[in-house]
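Worksheet: the structure to be examined is printed underneath.
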There are 2 protein chains.
Amino acid sequence: MSTRPFHHGNLRAVLLEQAESMLRASGADGLSLRELARQAGVSHGAPRSHFIDRQALLDALAERGFDRLAAAVRSALDGAESVRSGFDRVAHAYVDFAIEDASLMELMFAAKTSARPGPVQDAAGRLFGALDEAMGASAVTESDDGARDTFKQLFGATMQGIAALVASGRIARAQGDVLVDEAMQMLLDSALGLRVVDRR
Amino acid sequence: MSTRPFHHGNLRAVLLEQAESMLRASGADGLSLRELARQAGVSHGAPRSHFIDRQALLDALAERGFDRLAAAVRSALDGAESVRSGFDRVAHAYVDFAIEDASLMELMFAAKTSARPGPVQDAAGRLFGALDEAMGASAVTESDDGARDTFKQLFGATMQGIAALVASGRIARAQGDVLVDEAMQMLLDSALGLRVVDRR
DNA sequence: ACCTGAACACCGTTCAAGT
DNA sequence: ACCTGAACACCGTTCAAGT
């Protein structure tokens, strides 16, 4: 059209956008810096000005992923009108994200990125903060910290596991939804040593 | 020593062995065919005689992984003296394997490999057969098939999720064991619509 | 049947040089 | 500050040729 905001100014944003769709299409393995530069119409050395490393680009993607997922969790929580529906909505939002952006999710939870401290871990912390809100502020648990942590971790692990099962094609997506519902029922009804109460 | 069974005869086995430790050390990304050939003292083209592809090598690794895990599950089941201890032992064996061989586990459950039919999927089938034994023959469920499948999938998803949490360094291994115990308690006590009975 | 070695196309990374 | 382009070391894959 009229303005073509190319080459100059927003290359970093362009690269991130393209990298995201490349990740969705071909996974992290298929994400090549040179191919990225080609698609952006710049020389193969240009990305270096914005990302020192291939890993730095992957880190930036993971960081954005954490923030998007945190936003999805918060938004799911906003629409809930009971404790139970809050948990259900958050769980489904989490699993949906993990399935639709399976490669991104892999990146976010790869041992490589989650080990080092830095902006990625900070973003991960923001996600866990959102999940804490979902379980704490709006909803749950007058229990000791150990039981709360265990519950939270089991919640996360179960959602992650279900998403992995669907993403790997081993079960259908609809069955994934069934599993989420069953798992939530189990988690909330379980004798985990904590109490789920509706404070409103 | 005396016999050096090199170069000739068992290159395929040597490559697989080395590839396994290379996978453990550096992950699937760090697994290079050329480096593998170098370590084996053969030319870079030699592996081609045994694996057409890099993917073919990864497939072979995944296949072996499934069979090793199936063996571990069976062995865990053999040592159980009650239904509950059977589930616990299988769950811990599964999670232990997934943590110790995290990269191999990723390979086994990657969408890439699990999609296509072939020897890898067959090996996956043998694992699921072993898990079925663990839940069916020795232990569980006089229930409809849907509930049984849901239970099995939830079992697998939960174990996989816990293992991923530990493997990514997000929780400590000891806490992983705690989660496994809690999860098993939940799964077995839950009102999932199936009945867990001890037939012995 | 199994292995060698040259060849090809592709990488990521570095770095001087341009603007 | 941002981008270019040559250079380097590494890939996977193919294929004729050797044994």
Side-chain angles (χ1 to χ4, degrees), chain A residues 3-63 103 106-107 110 112-113 116 118 120, chain B residues 3-63 103 106-107 110 112-113 116 118 120:
Chain A
T3 62
R4 54 199 161 104
F6 233 48
H7 279 179
H8 275 299
N10 60 342
L11 177 59
R12 194 195 137 96
V14 169
L15 289 175
L16 279 173
E17 211 62 42
Q18 284 178 346
E20 223 158 67
S21 69
M22 220 163 144
L23 183 66
R24 220 184 293 256
S26 339
D29 290 353
L31 212 167
S32 144
L33 285 180
R34 287 179 106 108
E35 175 63 26
L36 218 54
R38 244 173 264 131
Q39 284 183 18
V42 294
S43 80
H44 68 260
R48 230 296 181 90
S49 304
H50 301 98
F51 307 99
I52 352 93
D53 241 5
R54 203 183 98 102
Q55 187 59 46
L57 172 64
L58 298 182
D59 284 354
L61 290 175
E63 192 185 341
S103 298
E106 269 182 51
L107 222 56
K112 216 178 306 175
T113 57
R116 296 155 301 148
V120 187
Chain B
T3 61
R4 54 199 158 104
F6 233 48
H7 279 181
H8 274 297
N10 59 343
L11 178 58
R12 195 194 136 95
V14 169
L15 289 175
L16 280 173
E17 212 63 41
Q18 284 178 346
E20 222 157 68
S21 68
M22 220 162 141
L23 183 67
R24 221 183 293 256
S26 340
D29 290 354
L31 212 166
S32 144
L33 285 180
R34 287 177 108 109
E35 176 63 27
L36 218 53
R38 244 173 265 130
Q39 284 183 17
V42 294
S43 81
H44 68 260
R48 229 296 181 90
S49 304
H50 302 98
F51 306 100
I52 351 93
D53 241 4
R54 203 183 98 103
Q55 187 59 47
L57 172 65
L58 298 182
D59 284 353
L61 290 175
E63 192 185 340
S103 298
E106 269 182 51
L107 222 56
K112 216 180 305 176
T113 57
R116 297 155 302 150
V120 187

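Quick note: numbers below take in every heavy atom, side chains included, and nothing from hydrogens, waters or symmetry partners. Order of the sequence lines fixes the chain letters, A, B, ..., with proteins taken first and strands second; residue numbering starts at 1 for each chain.
For Ala28(B), the side chain to side chain contact (heavy atoms under 4.5 Å, CB included) criterion is met by Leu23(B), Leu107(B), not counting sequence neighbours. Residues satisfying the side chain to side chain contact (heavy atoms under 4.5 Å, CB included) test with Glu35(A), not counting sequence neighbours, are Met22(A), Ser32(A), Arg38(A), Gln39(A). For Gln55(A), the side-chain hydrogen bond (donor to acceptor under 3.5 Å, both in side chains) criterion is met by Asp59(A), not counting sequence neighbours. Remark: Arg48(A) pairs with Ile52(A) by the side chain to side chain contact (heavy atoms under 4.5 Å, CB included) rule, at least two apart or across chains.
The two atoms that bring Ala37(B) and Ser43(B) nearest to each other are CB-O, 3.4 Å, heavy atoms only. Contact detail for Ala60(A) and Phe51(A): the closest heavy-atom pair is CB-CE2, 3.9 Å. Nearest approach of Asp29(A) to Asp29(B), heavy atoms of both residues: OD1-OD1, 3.4 Å.
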Q | Under 4.0 Å protein heavy-atom contacts per nucleotide of nucleotides 6-19 of chain C, with B for base, S for backbone only and - for none | A | BB---SBBB-----

(Q) Counting Watson-Crick and G-U wobble pairs with both distances under 3.5 Å, what is the dot-bracket string for DNA chain C, 5' to 3', using [ ] for crossing pairs and | for pairs to another strand? (A) ||.|||||...|||||.||

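A sub-4.0 Å separation between OP1 or OP2 of dC3(C) and a side-chain N or O of His50(B) is present. OP1 or OP2 of dT4(C) has at least one side-chain nitrogen or oxygen of Ser43(B) nearer than 4.0 Å.
Put simply, the side chain of Leu36(B) reaches to within 4.5 Å of the side chain of Leu57(B), judged on heavy atoms.
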